[in-house]
Amino acid sequence: MVLKIHSRCNLACDICYMYELADQSWKTRPTVISQETVTQVARRLAAYAKTHRLDSVAVILHGGEPLLVGPARLRRICEEITHILSPVTTVNLHMHTNGLLLHERHLEILKEFDVKVGISVDGDQTANDRHRLDRKGRSSYEKVLRGIERLRAPEYLSLFQGILCTVDVENDPVTVHDALTHLQPPRIDYLLPHSTWDTPPPTGSTGSPTPYADWLLRVFDRWLEQGRPMEVRTFDSVLSTLRGGPSLTEAMGLAPSDLAVVETDGAIEQADSLKAAYDGAPATGYDVFQHTFDDFARHPGVRARQSGIDGVSETCRRCPVVESCGGGLYTHRYSTEREFDNPSVYCADLRAFIEGVAERITDRTLSPAVRNIGELRVAQGELTRDLLRRANDRTTEDADWARAWQTLLFLDGDADAGPELDVLLAHPYVRSALRRVWSEGPLSGWLAALTVAAGVRGRTEVTVAWEQRNRRLHLPTLGTLRLPVTGGVEITTHPDGFSVRHADGMQRVRLDEDDREAWRPLRLLRSVADGPLVDDADPARRCFPADVHEPLEPTDRELFGKRLDLAFELADQRLPGWRGDPDLLAPWVVTPLAKGAGVQLGEHAPGALGVAVDAEPEVVARQLPRLARRARFFALRETTDLTVPGRPAGRLLDEADDALATACRALDDSFDTGPREVALKEAHRALSALADEPERDLTETGVVFVGQLRADWRKWAQ
């Protein structure tokens with residue numbers, strides 16, 4: 001939620017969407033948000049978080065310039081939001097500011113409430129002064145630098161979230177990027193100027209048909225040359241989506257919008273950027289005094305931005321890079337004639353940029369993972385380790401994280417704990433949690449819990465201490481402990497469990513004891529040797545297209561396990577040895593989903609299988625071989641390049657594998673041959689179309705994989 005706490009600004013930026021573009025509603029808003037409105041906003045958000053059982057909410061203090069509210073009022077705002085929301089969910093406070101007023105009094109308050117700060121600056125002084133002048137036409141650059149310098153002092157550095165830079169193609173891209181890099185931000189966001197088809201963006205003097213792509217690619221090359229010293233959200237998002245991962249920014253990708261804006265008068269609006277489209281574009285007619293955030297979530301304008309591929313124009317749906325581009329920022333699609341049913345006004349630039357990145361990152365070498373399931377598991381583990389290392393590299397001032405990291409390094413080198421850490425890092429929900437860490441920032445409690453789990457599994461005694469914000473402490477692969485209080489905890493591992501010291505005393509936990517009031521262990525399926533694990537409690541399990549079920553009551557949990565046992569027994573009877581098939585990646589963990597959800601794979605969590613609590617064992621058994629094959633494809637695609645990312649060849653590979661996975665399901669005699677024949681025809685169509693694509697679009701690994709698909713088709717089509 002973006003919360004506008006002040007509706008005026010101490011700068012007069014000539015590109016500002018709030019004051020300079022189509023929507024001028026700021027003129028009728030209160031200058032400063034009232035305390036009554038703050039209280040009502042917090043109550044509405046707390047009710048929404050409680051209803052939907054949200055693990056966390058982000059509240060971004062915004063303006064105008066939010067620091068204009070002054071230190072005393074800022075403290076009351078932070079205190080009220082924290083007081084009302086903290087009993088319900090984890091509150092992550094953020095602020096976006098121009099940085100001119102970042103003085104010690106403000107910084108002390110921001111530190112008290114752990115408010116993460118993002119600052120707008122457009123590069124060196126020449127670049128910044130093109131647009132970011134004060135109300136008397138003077139440069140704001142030196143004041144911004146002084147604000148950043150104060151923020152980077154050791155006592156406040158952990159608050160520094162990053163820099164937002166609006167692209168101006170008249171500025172030299174490398175000079176801009178080097179100036180921002182010199183400020184050592186943990187993240188840079190390069191933003192395209194807010195423009196529409198009615199008011200197109202300036203194209204500069206280069207004469208290029210894609211000046212913004214050219215500009216961004218020069219920065220991308222410089223960023224790679226530097227060794228990617230900080231996160232650049234636009235770049236990281238494209239790198240993620242090109243390889244099947246999630247979008248990391250609202251400006252690109254097909255992820256549903258999850259943003260609400262509350263103005264100083266309590267009006268609930270859609271994304272602020274819509275102010276660039278037309279007067280009143282963000283308005284919903286709702287406010288926090290008469291409406292809830294559930295009302296807002298049902299608003300047609302909000303739903304239009306949550307429909308994925310169906311919500312973009314026909315032109316976009318036919319485009320090979322739509323998964324990465326997502327049609328661009330919703331605002332940038334607007335025209336008076338067709339409203340938002342257009343590609344982005346930056347369409348040519350976005351495609352050229354994404355395809356340029358794809359060419360630069362493609363690994364064309366042959367990966368052994370395509371021929372060996374064991375090598376694939378190794379590659380998956382290395383990918384998880386790489387994400388973990390990169391998360392650690394971004395964390396410099398979090399003492400809890402640093403202590404847990406050092407303990408984890410010790411366990412990694414231990415003869416007993418090291419192999420168990422490898423197993424733990426193979427857990428799909430560790431990868432899922434790491435993606436959350438990567439997008440939201442370090443979660444020291446999560447890393448500490450992971451470290452404890454590694455110590456317990458390795459039967460190695462270690463002690464880990466941290467600040468625990470939630471009473472539910474989940475140890476990946478092991479179980480969940482309900483703490484009597486939040487706050488500082490210290491855990492020491494033992495060969496048979498662990499002990500916990502907290503403000504309320506000491507708890508001793510044995511892994512094999514199921515204490516409904518405190519310790520709730522996870523269990524393996526009885527019918528399947530070496531797994532899978534049944535996990536209905538890991539917070540990172542929410543990685544399925546459908547809703548996961550809340551932790552099951554003991555009797556329901558027992559029933560769910562019995563149904564899964566039967567499903568796996570049926571699959572083993574019909575396809576003996578299917579779990580050892582080199583073309584299949586058998587499930588590592590099974591999670592109960594809401595009723596009616598069927599059987600699904602976890603997104604970006606290979607080895608995670610979701611099964612509806614009401615799914616019939618027969619239905620699950622039929623799906624297991626098919627989904628195990630699809631899991632292998634997704635895992636392979638995450639760890640190596642089969643095609644140049646974003647090219648049609650990738651989609652055709654996906655379609656061929658999906659069709660053959662359906663045919664794979666049909667290998668037992670009880671399956672109707674009709675669907676199998678349809679699946680084989682679909683596989684043949686995709687493989688034939690693939691043969692028409694340019695050879696350069698396939699990597700060496702992709703060529704081998706296509707050969708495997710064709711061999712399977714010939715075998716099953718006979």
Any sub-3.5 Å donor-acceptor pair from [X]'s side-chain atoms to [Y]'s backbone N or O?
X      : Y      : value
Arg431 : Ala426 : no
Arg471 : Leu483 : yes
Asp614 : Gly596 : yes
Thr460 : Val456 : no
Asp641 : Asp363 : yes
Thr249 : Thr234 : no
Thr241 : Ser237 : yes
Lys116 : Ser158 : yes
Asn392 : Leu388 : no
Thr89  : Leu54  : yes

**Request:** Would you please classify the geometry between the Phe235 ring and the Trp223 ring as parallel, tilted or perpendicular, with 30° and 60° separating the classes?
**Result:**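 Because their plane-to-plane angle lies in the 30° to 60° range, the rings of Trp223 and Phe235 count as tilted.
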Is it the case that [X] and [Y] place a side-chain donor and acceptor less than 3.5 Å from each other?
X      : Y      : value
Tyr429 : Thr591 : yes
Thr451 : Thr407 : no
Ser432 : Arg541 : no

Shortest non-hydrogen contact from [X] to [Y]?
X      : Y      : answer
Arg472 : Pro551 : NH1-CG, 4.0 Å
Ala449 : Leu473 : CB-CD1, 4.0 Å
Arg520 : Asp536 : NH2-OD2, 2.7 Å

Out of curiosity, [X] [atom1] to [Y] [atom2], how far, rounded to the nearest 0.5 Å?
X      : Y      : atom1 : atom2 : value
His106 : Leu151 : NE2   : CG    : 13.5 Å
Thr492 : Arg508 : OG1   : CZ    : 9.5 Å
Arg501 : Ile491 : CZ    : CD1   : 12.0 Å
Leu434 : His604 : CG    : NE2   : 14.5 Å

**Request:** Measure from the ring center of Trp405 to the ring center of Phe410 and say whether it is less than 6.0 Å.
**Result:**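 No, they do not, as the ring centres are separated by 6.0 Å or more.
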